[in-house]
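In listed order, ligands and their atoms are each counted from 1.
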Amino acid sequence: MRAFLIVGNRALTMPFNLNNLTAGRMDVLCRCIAQSLFISHGIRRDVEVYLLLLGEPEPPKAIRVVGSEVKNMAPDERNIAGLLRKALMLGADEWKRSSPGIYIGRKNIKDLLVELSEKYEVVYLREDGENIRDAVKELNNPLFVLGDHLGLSREIERVVLDCAMKIISVSPLSLQADQCIVIVHYELDRIDFRSMLNEAV
Ligand code: SAM
């Protein structure tokens, strides 16, 4: 399994206007979901995506998207935003399903990472981390934590660093969050497919 957690510093915590996805930078989160889950003509069933929504009016909220369960999702931002909007119509403390594969809950960063640490190795993606190509072979069920356009606040970063096994960099450049996700998939796919080929020989 692979998972991604994207921190939306201003991401809206109420149903939002689908004609203005830059409000709270919901567009960034939708692109991250698309790049985490979609391949050409298919969905990565072994991927989960988590969003931490920290914007007004009711932060924090978390959304969970399960690749093996999602139905009727298309890779375009507006379609994904519609599903997030539907989730935000539900009030829920614990995970509650709003549509196939999409859940919402009231979680802060600590609750979320404590819960996810039981299932995943937490990896923080940051520009100054270890080169992904050196680090990737040692990863087991990784959960990659990324910031949105604003990165991570110092307070959130402290919690992430408490839980993280590694800090990994995907490029010498500072990239957009969804670009980082594409590179992570590429590096993990190279390893997975190479070992599948070796096993077949
Ligand atoms: N101005 C923001 C900052 O200073 O943190 C830029 C954030 S960047 C657009 C979004 C996120 O992508 C970052 O918080 C980080 O998690 C990840 N990121 C960007 N470039 C990266 C790189 N080269 N290696 C690893 N992660 C990176």
Quiz prompt | Polar side chain donor-acceptor pair, R85 to N17, under 3.5 angstrom | solution = no
Practice problem: Would you please test R190 and E187 for salt bridge (Lys or Arg N to Asp or Glu O under 4.0 Å) and show each step? | Solution: CA-CA 5 Å; R190 284 177 78 239; E187 292 295 336; 3.5 Å; yes
Exercise. Scan R106, R64, K107 and name whichever one has a salt bridge (Lys or Arg N to Asp or Glu O under 4.0 Å) with E94.
Key: K107
State if [X] counts as touching ligand 1 under the rule of any non-hydrogen atom under 4.0 Å.
X: G129; result: no
X: I168; result: yes
X: D148; result: yes

Name the closest protein heavy atom to [atom], giving the residue it belongs to and the distance to 0.1 Å.
atom: atom 16 (O) of ligand 1; result: L125 O, 2.7 Å
atom: atom 1 (N) of ligand 1; result: H149 O, 3.6 Å
atom: atom 11 (C) of ligand 1; result: G147 O, 3.3 Å

Practice problem: Could you pull out, from V170, L173, V145, L175, the option with a heavy atom nearest to atom 23 (N) of ligand 1? | Solution: L173
Quiz item: So between S169, C32, G151, S153, whose heavy atom ends up nearest atom 5 (O) of ligand 1?
Solution: G151
Quiz prompt | Y124 side, atom OH; D162 side, atom CG - distance, nearest 0.5 Å | solution = 12.5 Å
Quiz prompt | T22 side, atom OG1; E77 side, atom CD - distance, nearest 0.5 Å | solution = 10.0 Å
Quiz item: Where do R2 and D189 land on the salt bridge (Lys or Arg N to Asp or Glu O under 4.0 Å) test, with the steps shown first?
Solution: CA-CA 11 Å; R2 302 174 193 176; D189 290 346; 2.9 Å; yes
Quiz item: Should Y103 and E69 count as side-chain neighbours, where that means a heavy-atom distance under 4.5 Å?
Solution: yes
If you count the atoms of ligand 1 from 1 in the order shown, which ones are under 4.0 Å from a heavy atom of [X]?
X: R126; result: 24 (N), 25 (C), 26 (N)
X: C180; result: 12 (O), 17 (C), 18 (N), 19 (C), 20 (N), 21 (C), 26 (N), 27 (C)
X: S171; result: 23 (N)
X: L146; result: 16 (O)

Quiz item: Charged N to carboxylate O under 4.0 angstrom, R126 versus D128?
Solution: yes
